[in-house]
K.L.:
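Sharing a structure here in structure tokens format.
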Amino acid sequence: MSIAQNIQDITTSISDTVTLVAVSKTKPVAAIQEAYDAGQRVFGENKIQEMVEKYEQLPKDIKWHMIGHLQSNKVKYMAHFVDLIHGVDSFKTLKEINKQAAKHQRVIRCLLQAKVAQEETKFGLPFSEIKNIFNSNELEDLKHVRIVGLMAMASFTANSTQVKNEFESVNSLFTSLQKKHTKLTTLSIGMSGDFQLAIEAGSNMIRVGSAIFGTR
Ligand SMILES: *Cc1c(COP(=O)(O)O)cnc(C)c1O
């Protein structure tokens, strides 16, 4: 199956209120160009350096999303162009993004990464810390970042009930935060293997790699 066909199959199977992020990490520029030519405009990468190199070679109307774990010292390399940063999991990182965005007179949109998986290895903030960030007075001083929602990764398991429960728990945090913070728009959950489950649980942004570009 071609990249174009894969994108078409996915977009026709989801509502147009769900944003498809094509996860192009490790894939060559030619593969991204193919997806671009099929109409895809939002791409996700998990390494800043790799994203910068691709940004420089590809059309400038691409929206680049950073979906990987962030190293604060590298935020400066993407601050002039990144469209959305998914994996923010500390206040320190938020402050660094704010500082770098200010240098470019930008407001960078961010998602806080919530920890829902059972596994130790998954990054993310406990729900209590997410609430603390939203309630902190310091957040208002960060004029160059805007938290627009949450991101999470479910456990890597074949147990779909567990995955569903994890997605539903982050969705319930999201909807409860939305009551007080009406500008929250985005819930980024769901990947190649579980995006249908995620959408049923409230996702409106899915991050799909291998189902578009093939295995890595
Ligand atoms: C790689 C990656 C994806 C895409 O995974 P697939 O299973 O290939 O769809 C989604 N989200 C994050 C954070 C990733 O690192």
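In this text the structure is predicted, and so the values were computed from the model without any measurement. Note that the numbering runs from 1 along the sequence shown for the chain. Order of listing sets the numbers, starting from 1, for every ligand and every atom in it.
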K.L.:
For residues Leu187 and Ser203, report the shortest heavy-atom separation together with the two atoms involved.
P.N.:
O-OG, 3.5 Å
K.L.:
Is there any protein N/O under 3.5 Å from an N/O of ligand 1, and what does the full list of such pairs look like?
P.N.:
from, atom 1, to, atom 2, distance (Å)
ligand 1, 8 (O), Ser210, N, 2.8
ligand 1, 8 (O), Ser210, OG, 3.0
ligand 1, 8 (O), Arg216, NH1, 2.8
ligand 1, 8 (O), Arg216, NH2, 3.1
ligand 1, 9 (O), Ser192, N, 2.9
ligand 1, 9 (O), Ser192, OG, 2.5
ligand 1, 9 (O), Gly209, N, 2.8
ligand 1, 11 (N), Arg207, NE, 2.9
ligand 1, 15 (O), Lys25, NZ, 2.7

K.L.:
Would you call Glu168 and Lys164 a salt bridge, using N to O less than 4.0 angstrom?
P.N.:
yes
K.L.:
Which pairs, with at least one residue in residues 179-216 and sequence neighbours excluded, count as a ring pair (Phe, Tyr, Trp, His ring centres under 6.0 Å)?
P.N.:
Phe134-His181
K.L.:
Is the His65 ring parallel, tilted or perpendicular to the His86 ring (thresholds 30°, 60°)?
P.N.:
tilted
K.L.:
Could you work out, with ring pair (Phe, Tyr, Trp, His ring centres under 6.0 Å) as the rule, every residue matching Tyr77, not counting sequence neighbours?
P.N.:
none
K.L.:
Return each pair, listed once, that meets side-chain hydrogen bond (donor to acceptor under 3.5 Å, both in side chains) where at least one residue sits in residues 126-140; pairs must be two or more places apart or across chains.
P.N.:
Asn135-Lys180
